[in-house]
Amino acid sequence: MYQKGFDADKYIEEQAQYILMRINQGEADRLYLEFGGKLVHDKHAKRVLPGFDENAKIKLLQRMRDQAEIIICIYAGDITTSKTRHDFGITYDLEVLRLIDTFRKYDLSINSVVVTRYEDQPSVNMFINKLERRGIRTYKHFYTKGYPTDIETIVSEEGYGANPAIEVTKPLVVVTGPGGGSGKLATCLSQLYHEYMQGVKARYAKFETFPVWNLPLKHPVNIAYEAATVDLKDVNMIDSFHLEAYGEAAVNYNRDIDTFPVVRRIIEKITGEEAEYKSPTDMGVNRVGFCITDDDVCKEAACQEIIRRYLIAECDYKKGKISLEQLSRAHLLMRDVEKTVEDRAVVQAARDYADYKRSLDDKYENVVAMAIEMPDGTMVTGRSSRRMVAAAAAVLNAIKKLARFDDELLMITPQVLETTQKIKTEKLGYDRSSLNLEEVLIALAISGTNNPSAEVAVRKLDQLSGCRAHCTAILSDSDEQALSALGIDVTCDPEYVTTNLYSH
């Protein structure tokens, strides 16, 4: 379960080397480096490339902090629709705030936040006000007039010129965002325009992670990228421009390939020179494929991610977050790698345990079960009860196993659980008395002050990081976030615990 297939140290060294090469190449005074994917906490890369350091990119930038400053882009539409980052269960606007805090911890210079394709909407203006009143410089960029066909208008005062110029001072400007479609490319090109209008030579490049250009088109790692971006309708393709220029097959994705002729013409119009790039692959700095040490391990991990994304899509469809077309796309991608949800072993373990409990007694008819696949590959299960939710029961059972405690051992006294439940229902007004995972872990920590077994169990929580879990019903937001904080990779069946449309 924990086999490595990727060399994280080699990756950081090679990416750093190639970025420095781009900075020092040519006569430009400044490089705008668009970061594709997550700059920090890239859990997708960590899942599909076992051994990948989820913070590799920011550690790389930390090495160059004296030369670099960061611009964060967020699309106004993602604010109004409350688009969510699955890994943390938080909306994109909150993810921007989290990114700022994280960059500060790494002593990286934050230039500003850019709201792209800005429209005068209350939620967007509230977000801008929140940032500015906390001392974060904020810019509004509008939809570019003439884009994508009218190059004369795009590269003019009516196009990029309508956007305010972002004041930068360092030779490396990193442009990132909370997710795909944040407007990073448009922000880079707008800045190139303003730089040249001020007599400053600047260049553009892209820090890429996925798709991996030198892996086969249908490699599971590349298919996993498509599964992760079904909402953006990204499709991997052979880069025809690269093939024509170099006679070499390279994988890229539809949006980059479709926009490349336009991007190249815009850059040539801005600089007055022939573009340095002959293909969208040329624009990228991507050494991922050279750092895979065990292809079979990465293939299997990527297949698991494709199944995971399909299970997430099923739940998102149930919640009304995605369309049937997007769900079908996720299913087709899973079929492309000849997998079913049952190939994620923890799924069947959870379902089997729920069926077993229901077969014992009618009182378990509505039981919810969770299974956790332990580091040694064994399964630990837990079920919902009047005391606690299935996630809490499964986690308690998992740390009992790690501590080699007997199943019957009580780590939390019934009195602590009862008192906590009373506060929850009688004082805080919750409808359901069952304690969620966070509440149970707090109770466990309190019990540790008097119970040595509970204290030992708490110390075992770290060993659950990287484990897979599955629940037979849709988790509450609080349980999903708690499991994520523990590093547990959880999926769910698309069923609700209750028929109530609102519960507290």
Side-chain angles (χ1 to χ4, degrees), residues 34-40 70-103 110-150 153-154 156-168 173-191 193-194 229-234 255 259 262 316-317 319-323 325-326 477 481 501-502:
E34 176 190 348
F35 260 70
K38 305 290 192 298
L39 201 161
V40 63
I70 299 173
I71 295 171
I72 305 172
C73 301
I74 181 170
Y75 166 44
D78 289 340
I79 300 172
T80 59
T81 59
S82 299
K83 188 172 182 179
T84 302
R85 176 171 171 174
H86 278 295
D87 287 335
F88 292 99
I90 60 175
T91 54
Y92 272 27
D93 53 342
L94 292 178
E95 172 65 359
V96 169
L97 306 183
R98 196 186 69 85
L99 284 173
I100 292 170
D101 289 342
T102 303
F103 295 153
I110 300 144
N111 176 288
S112 57
V113 172
V114 181
V115 178
T116 61
R117 286 179 280 173
Y118 170 80
E119 292 183 12
D120 187 8
Q121 295 169 300
S123 58
V124 177
N125 292 333
M126 190 182 301
F127 174 70
I128 291 171
N129 291 338
K130 183 189 294 185
L131 289 174
E132 291 182 338
R133 291 170 191 176
R134 295 294 297 270
I136 305 297
R137 190 166 45 164
T138 309
Y139 293 87
K140 301 171 186 173
H141 278 194
F142 304 89
Y143 183 83
T144 305
K145 188 174 181 181
Y147 190 85
T149 55
D150 188 351
T153 301
I154 295 167
S156 73
E157 285 299 310
E158 294 180 82
Y160 290 140
N163 293 328
I166 302 168
E167 298 176 16
V168 294
V173 182
V174 172
V175 182
T176 187
S182 296
K184 301 184 289 290
L185 171 61
T187 300
C188 289
L189 295 178
S190 177
Q191 281 298 105
Y193 170 82
H194 286 290
T229 55
V230 288
D231 59 327
L232 298 173
K233 299 182 179 179
D234 283 351
R255 282 189 291 142
T259 60
V262 175
D316 281 350
Y317 179 73
K319 295 173 185 177
K321 290 184 175 182
I322 65 171
S323 67
E325 178 188 2
Q326 291 165 337
D477 290 344
Q481 288 169 25
L501 297 180
Y502 174 80

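Nothing fancy with the numbering, it's 1 onward along the sequence.
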Engineer: Determine the minimum heavy-atom distance between Thr153 and Lys145, stating which atoms define it.
Structural biologist: CG2-O, 3.6 Å
Engineer: Testing the basics here: between Cys73 and Pro178, what is the closest heavy-atom pair and its distance to 0.1 Å?
Structural biologist: O-CD, 3.0 Å
Engineer: Is it the case that Asn125 and Tyr118 place a side-chain donor and acceptor less than 3.5 Å from each other?
Structural biologist: yes
Engineer: What's the separation between atom CD1 in Ile128 and atom OG in Ser123, rounded to the nearest 0.5 Å?
Structural biologist: 9.5 Å
Engineer: So does Arg137 pair up with Glu167, basic N to acidic O under 4.0 Å?
Structural biologist: yes
Engineer: Tell me if the CZ atom of Phe142 is crowded by more than 12 foreign heavy atoms within 6.0 Å.
Structural biologist: yes
Engineer: Below 4.0 angstrom, N of the basic side chain to O of the carboxylate: do Asp231 and Lys83 qualify?
Structural biologist: yes
Engineer: Indicate yes or no: at least one non-hydrogen side-chain atom of Arg85 is less than 4.5 angstrom from one of Tyr92.
Structural biologist: yes
Engineer: Measure the shortest side-chain to side-chain distance between Thr80 and Val124 over non-hydrogen atoms and say whether it is less than 4.5 angstrom.
Structural biologist: yes
Engineer: Evaluate the side-chain proximity of Ile70 to Asn111: yes if any heavy-atom separation is below 4.5 Å, no if none is.
Structural biologist: no
Engineer: Quick one: pull up CZ in Phe103 and CD1 in Ile110 and give me the separation to the nearest 0.5 Å.
Structural biologist: 7.0 Å
Engineer: Would Val173 and Gln191 count as a side-chain contact (heavy atoms from CB on, under 4.5 Å) here? Give the steps.
Structural biologist: CA-CA 10 Å; Val173 182; Gln191 281 298 105; over 6 Å; no
Engineer: CD1/Ile74 to CZ/Arg117 distance, rounded to the nearest 0.5 angstrom?
Structural biologist: 11.5 Å
Engineer: Are His141 and Pro164 close enough that some pair of their side-chain heavy atoms sits under 4.5 Å apart?
Structural biologist: yes
Engineer: Ignoring hydrogens, what is the shortest heavy-atom contact between Ser182 and Thr116? Give both atom names and the distance.
Structural biologist: O-OG1, 2.8 Å
Engineer: Let me confirm one number: the SG-CD1 distance from Cys188 to Ile71, rounded to the nearest 0.5 Å.
Structural biologist: 7.5 Å
Engineer: In Å, rounded to the nearest 0.5 Å, how long is the span from CG of Asp234 to CZ of Arg255?
Structural biologist: 4.0 Å
Engineer: Within the 4.5 Å heavy-atom criterion, are Val262 and Tyr147 side-chain neighbours or not?
Structural biologist: yes
Engineer: Measuring from Ile79:CD1 to Thr91:OG1, what's the distance to the nearest 0.5 Å?
Structural biologist: 9.0 Å
Engineer: Show the numbers, then the answer: is there a side-chain contact (heavy atoms from CB on, under 4.5 Å) between Val40 and Arg98?
Structural biologist: CA-CA 10 Å; Val40 63; Arg98 196 186 69 85; 4.3 Å; yes
Engineer: How close do Gly180 and Lys184 get, counting heavy atoms only, and between which atoms?
Structural biologist: CA-NZ, 4.4 Å
Engineer: Would a 4.5 Å heavy-atom cut-off, applied to side chains only, mark Asp93 and Asp78 as touching?
Structural biologist: no
Engineer: Does a sphere of radius 6.0 Å around NZ in Lys319 hold more than 12 heavy atoms from other residues, nucleotides or ligands, not counting ones at 6.0 Å or beyond?
Structural biologist: yes
Engineer: Between the main-chain N or O of Ile154 and the side-chain N or O of Thr144, is there a donor-acceptor pair closer than 3.5 Å?
Structural biologist: no
Engineer: For the pair Phe127 and Thr138, evaluate side-chain contact (heavy atoms from CB on, under 4.5 Å) and give the outcome as yes or no after the intermediate values.
Structural biologist: CA-CA 10 Å; Phe127 174 70; Thr138 309; over 6 Å; no
Engineer: With a 4.5 Å limit on heavy-atom distance, are the side chains of Val175 and Leu185 in contact?
Structural biologist: no
Engineer: Taking all heavy atoms of Ala76 and all of Glu119, pick out the closest pair and write down the distance.
Structural biologist: CB-N, 4.3 Å
Engineer: Could you pull out the closest heavy-atom pair between His194 and Asn163, with the gap in Å?
Structural biologist: NE2-O, 2.9 Å
Engineer: Do Leu99 and Leu39 come within less than 4.5 Å of each other through their side chains, counting heavy atoms only?
Structural biologist: no
Engineer: Relative to each other, are the rings of Tyr193 and Tyr160 parallel, tilted or perpendicular (30° and 60° limits)?
Structural biologist: tilted
